[in-house]
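Let me begin by presenting the structure, written as structure tokens, before commenting on it.
Note that ligands are numbered from 1 as they come in the structure, with each ligand's atoms numbered from 1 the same way.
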Amino acid sequence: MKTQILGMDQTPPNILIVDDMPANLQLLTELLKQSGYRVQPVSSGEQAILAAQTEQPDMILLDINMPGMNGYEVCKQLKSDAALNAIPVLFISALGETLDKIKAFAVGGVDYIMKPFHFAEVKARVQTHLTLHRLQCEREQQNRLLQDNYDQLKILEDLRDNLTHMIVHDMRSPLMAIILSLELYTRQTSRKLTEAAIKPIETATMAAHRLIAMVNSLLDICRMESGNMPLHPEACDLTGLASEVIQSLQHLKPDCRLELTQPGPAMVPCDRELIRRVITNIGANAVKYVPDNGRVQFNIQNTDAGVTVQIIDNGPGIPREYHTRIFEKFGQVAVHQQLKMYSTGLGLTFCKLAVEAHGGTIGLESEVGKGSTFWFTLPRT
Ligand code: ADP
């Protein structure tokens, strides 16, 4: 009974049969037609190329020994044509003829069938290779679709980044104008204003300062991500640098103990101001999260490869699931928001990019209730 076989375009697959022996050609044609395929029989290699170019078949059954172009030559020519090279080619070889199997695969054949035919076997091989070919086409189509979607997303993402960058950049001047006006107003009128009237002005000034700090962080991160942040490396003693940072942080929480373990100088080549900001960011976070009489310890270690700076605090600790996320843009720990700490989630992103721009690494070890150790290593060369 004739079964209905359908290809990807919902029509029966079209098989091109090439054989110079009319009896073989007729037999295969009939059998495949009865199985529901569309069949195009031709009796020479030259005709096969022409037929494939005129109407692309889904598969080619190709005799090897033919006068004129033999099967290998036909296959080679098909495979060199970009429009035809995906069509699966099954070689047909008579028992007793020498079938060079290696050559059959080398010129691009996917399989071979021996004459005289066992039709069940022919049908099985044809079906298998048609299915494989269909799956491969579908996969290629999906890959193309995925690639197109990815390209579209990339364009939209670039557009969004450019727009964000433009807005953020243009916010700087009006924000500076707000800050300067508020400060001028406070200076000129502070004696005449009550404390209750000054308070909202101070709050507004502080908020504007935060906004400008956020704008600056975003612009710096943007520049580092695009590799446009110039580094000014110089020989730098990280112990000395950490000591300066500790002095600048102490006023944030006067009762907090800020300690530096002193191994002597720890020299690495780095951009001093950038690394100062890294130590300041991590240190300021630590000071912010430890209790009023808490403790933050700065460890500087010389290693063979470079210098490692550890900043250890006895604050609330950070749950494991946030250990990677907090180094990403706007990454914040949800539970800490309940502590009503102001945070943009940009500081550690800046630190990561700055350390990595130096060829270094940054990380965190922390357990809830046991404090946190942020560390980074800068290479000596
Ligand atoms: P921000 O610049 O707003 O301070 P960060 O990127 O520096 O943000 O930090 C991201 C988040 O990581 C913070 O919101 C906070 O939840 C958490 N975090 C950073 N440092 C510590 C710390 N020492 N202890 C506890 N949580 C911390």
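- Only the side chain of Ile318 comes within 4.0 Å of ligand 1, judged by heavy-atom distances.
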Side-chain donor-acceptor contacts of residues 17-32 below 3.5 Å, not counting sequence neighbours, with atom names and distances?
| unit_1 | atom_1 | unit_2 | atom_2 | d |
| --- | --- | --- | --- | --- |
| Asp19 | OD1 | Met21 | N | 3.0 |
| Asp19 | OD2 | Lys115 | NZ | 3.3 |
| Thr29 | OG1 | Leu25 | O | 2.5 |

* Applying side-chain contact (heavy atoms from CB on, under 4.5 Å), run through Ile201 and Leu193 and close with a yes or a no. => CA-CA 11 Å; Ile201 297 170; Leu193 293 177; 4.0 Å; yes
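- Distances below 4.0 Å separate heavy atoms of Asn285 from the following atoms of ligand 1: 4 (O), 5 (P), 7 (O), 9 (O), 19 (C), 20 (N).
- Remark: ligand 1 and Gly317 share no N or O pair separated by less than 3.5 Å (distance only, no angle test).
- The distance from ligand 1 to the heavy atoms of Ala286 drops below 4.0 Å at these ligand atoms: 23 (N).
- Remark: Gln188 pairs with Leu184 by the side chain to side chain contact (heavy atoms under 4.5 Å, CB included) rule, at least two apart or across chains.
- A 6.0 Å sphere centred on CD of Glu157 holds more than 12 heavy atoms belonging to other residues, nucleotides or ligands.
- Applying the 4.0 Å criterion to heavy atoms of Asp313 picks out, from ligand 1, the atoms 22 (C), 23 (N).
- Closest approach of Cys75 and Gly108 over heavy atoms only: SG-C, 4.1 Å.
- Residue Thr344 has at least one nitrogen or oxygen atom sitting less than 3.5 Å from a nitrogen or oxygen atom of ligand 1, judged on distance alone.
- For the atom pair CG of Leu62 and CE of Met69, the computed distance is 9.5 Å after rounding to the nearest 0.5 Å.
- Classification of Arg277 and Glu273 as a salt-bridged pair fails, no side-chain N sitting under 4.0 Å from a carboxylate O.
- The shell of residues lying under 4.0 angstrom from ligand 1, judged by heavy atoms, excludes Asn281.
- Contact annotation for Ile282 and ligand 1: no heavy atom of the residue comes within less than 4.0 Å of the ligand.
- For atom 22 (C) of ligand 1, the candidate residues are Phe350, Phe330, Phe327, Tyr289; the nearest heavy-atom contact is made by Tyr289.
- Ligand 1 lies within reach of Gly345, whose nearest heavy atom is under 4.0 Å from it.
- In summary, the side chains of Asn299 and Gln301 do not present any donor paired with an acceptor at a separation below 3.5 Å, with no hydrogens or angles considered.
- Here is the list of ligand 1 atoms found below 4.0 Å of a heavy atom in Ile326: 6 (O), 11 (C), 12 (O).
- Shown in contact with Gly331 at under 4.0 Å from a heavy atom are these atoms of ligand 1, numbered in order with element: 10 (C), 11 (C).
- Of all the heavy atoms of Phe374, the ones lying under 4.0 Å from any atom of ligand 1 belong exclusively to the side chain.
- Side-chain N/O atoms of Asp151 and Gln147 include a donor and acceptor closer than 3.5 Å.
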